[in-house]
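This report refers to the structure that appears directly beneath it.
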Number of protein chains: 2
Amino acid sequence: MATLTFKLNEHLYLRDPQHTQLGQNIIQKSVEMIDRLGFEHFTFKKLAEEINSTEASIYRYFENKHKLLVYLISWYWHWIEYRIDIATGSLQNSSDKLRACLRLLAQEKKYDEAFEFVNQEALHRIVIAELDKTYLTKGVDDYNKEGLFRGFKSVNRKIASVILEINPSYEHASSLISTILVTGHQQLFFSEHLPSLTAIGTGKERYTKLYEFMENVVFNAIQS
Amino acid sequence: MATLTFKLNEHLYLRDPQHTQLGQNIIQKSVEMIDRLGFEHFTFKKLAEEINSTEASIYRYFENKHKLLVYLISWYWHWIEYRIDIATGSLQNSSDKLRACLRLLAQEKKYDEAFEFVNQEALHRIVIAELDKTYLTKGVDDYNKEGLFRGFKSVNRKIASVILEINPSYEHASSLISTILVTGHQQLFFSEHLPSLTAIGTGKERYTKLYEFMENVVFNAIQS
DNA sequence: CGATTATTGATAGTAATACTATTATATTTG
DNA sequence: CAAATATAATAGTATTACTATCAATAATCG
């Protein structure tokens, strides 16, 4: 199977990590470490030790650790969009398309061999726990000007446009989808840490329940 | 008018800031500073300078700046719950109650003179920008065991129970409400910084539009 | 009212973080 | 093979997030 890479916004990095061995090590190991340590306890120094490199070398790839996080999560959204395209490409009916999108979002993420050096299960956990930190910062407007949130926005726009195919007069499409994109991850976080805030439970079936919840919210909202 | 205070969980602080002048200064000024600087750029040292005290003194009230944030946001949820009680106390009809809750959540927050030394407008902006940071941390389970999220949970439970009055067989009440509580703030953030992710617009009318969106989502979800 | 106790201020210090700078050593490329 | 480029090794800085100590002040209590 071919190994794929995504063309991510150039402002996310100083040197493209996909092009070199060191860059790939940085990506691979940082996913594992952020997942394990959490973003606040993760540092370039610790990362450097684990990949037998140096802090200074990592700084040649990423301006700072926050941009690395934004990079990883941007990668995630590009991956999601790619999978949405595959899952909906053969579908004619818009409601089917929307259901496919929701299913994909709610789904447990398993290793996708088309993408070496990124552990998608770990990355999914990072998105669950750290997504909001990418934009909840005073630098959000500068980041946005540089286009660093394009991945997220693109997925949002794509699914919102499916909603407008189903109901062209629905007024809250972009709000509804951004809500779903964020809550999809948040509910999984609550499921693990604050279960009284969610109805999806804590067992294996939570992915199915999450899908049912999303379907309930989205289809009823737009078909009124 | 009487000045009210909330009894917040004791694990939120080391010394109760509501009881002393220094404590009140810490609360008042930290709200203003976190709003202005953002949580990451806010430090106890800077705060100490502005209230003419010292870092060490502030550390006698709060273990660290994260717990101060959790304290402030906990205060916010207690305030919201208090206002929900007032707004729904005289209502008989459950749908009216639910609408009153949503209106209150979506509403622009104005200064409430019953609570001195807390600038609610600034605090609302803090909740919009920093809420998720209170629980998106590796320490979430310890915090939760200490009951630090009681305020949030309590509001969630209260509104979820109104939903069950309307439709006792609705299965996703707690998920629906936690989604609304979080998205209510998130959409306002998007409105200001990432407007393509929201349909509520960027003008003064965004609070009304947010309410309409919430009503659309909630009432359609539960009345199916 | 004076003595005890609690609270705050002043000051100092530490380990870790988030970088930047410099130079030497590999490695690649033309 | 020479030149350019990437990386490693090392050092250094300002800031952060604390902790510790002790003196000064304010509150309270017998």
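Every chain is numbered from 1 and lettered A, B, ... according to where its sequence line falls, protein lines coming before strand lines. Just so it is clear, the model here is predicted, and its values are computed rather than measured.
Distances were taken from every side-chain heavy atom of Ser57(B) (C-beta onward) to each of dA18(C), dT8(C), dA8(D); the shortest belongs to dT8(C). Checking dT17(C), dA17(D), dT7(D) against the side-chain heavy atoms of Tyr59(B) singles out dA17(D) as nearest. With dT7(D), dT16(D), dT17(C) as the candidates, the nucleotide lying closest to the side chain of Lys46(A) is dT17(C). Considering only side-chain atoms of Glu55(A), the nucleotide from dA21(C), dT16(D), dA18(C) that sits closest is dA18(C). Taking every side-chain heavy atom of Leu22(A) into account, dT7(D) is the closest of dC19(C), dT16(D), dT7(D). Here dT16(D) is the nucleotide among dC18(D), dT16(D), dT8(C) with the atom lying nearest to any side-chain atom of Thr43(B). Between dG9(C), dT8(C), dA20(D), one nucleotide has an atom nearer to the side chain of Arg15(B) than all others, and that is dT8(C). Closest to the side chain of Lys65(B), out of dG9(C), dA8(D), dA17(D), is dA17(D).
Looking at every heavy atom in both residues, Lys67(B) comes nearest to Leu148(B) through CE-CD1, 4.0 Å. When all heavy atoms of His172(A) and Phe213(B) are compared, the pair lying nearest together is CB-CD1, 3.4 Å.
The CD atom of Glu49(A) sits 19 Å away from the P atom of dT7(D) (whole-angstrom rounding). Distance, Phe62(A) CZ to dA18(C) P: 16 Å, rounded to whole Å. Distance, Glu40(B) CD to dT17(C) P: 16 Å, rounded to whole Å.
Using a 4.0 Å cut-off, some side-chain N or O of Ser53(A) falls inside it from OP1 or OP2 of dA8(D). The shortest distance between the side-chain N/O atoms of Lys45(B) and the OP1/OP2 oxygens of dA17(D) is not below 4.0 Å.
Side-chain atoms of Gln186(B) and Thr179(A) form no donor-acceptor pair, as typed in the model, at a separation below 3.5 Å. Side-chain atoms of His11(A) and Asn9(A) form a donor-acceptor pair, as typed in the model, at a separation below 3.5 Å.
Residue order along DNA chain C, read from the 5' end via each residue's closest nucleotide, puts His41(A) first among Arg60(A) and His41(A). With DNA chain C read from its 5' end, the first of the two nearest nucleotides for Asn52(B) and His66(A) is the one closest to Asn52(B).
The residue Tyr61(B) sits close only to the backbone: its heavy atoms come under 4.0 Å of sugar-phosphate atoms, none of a base.
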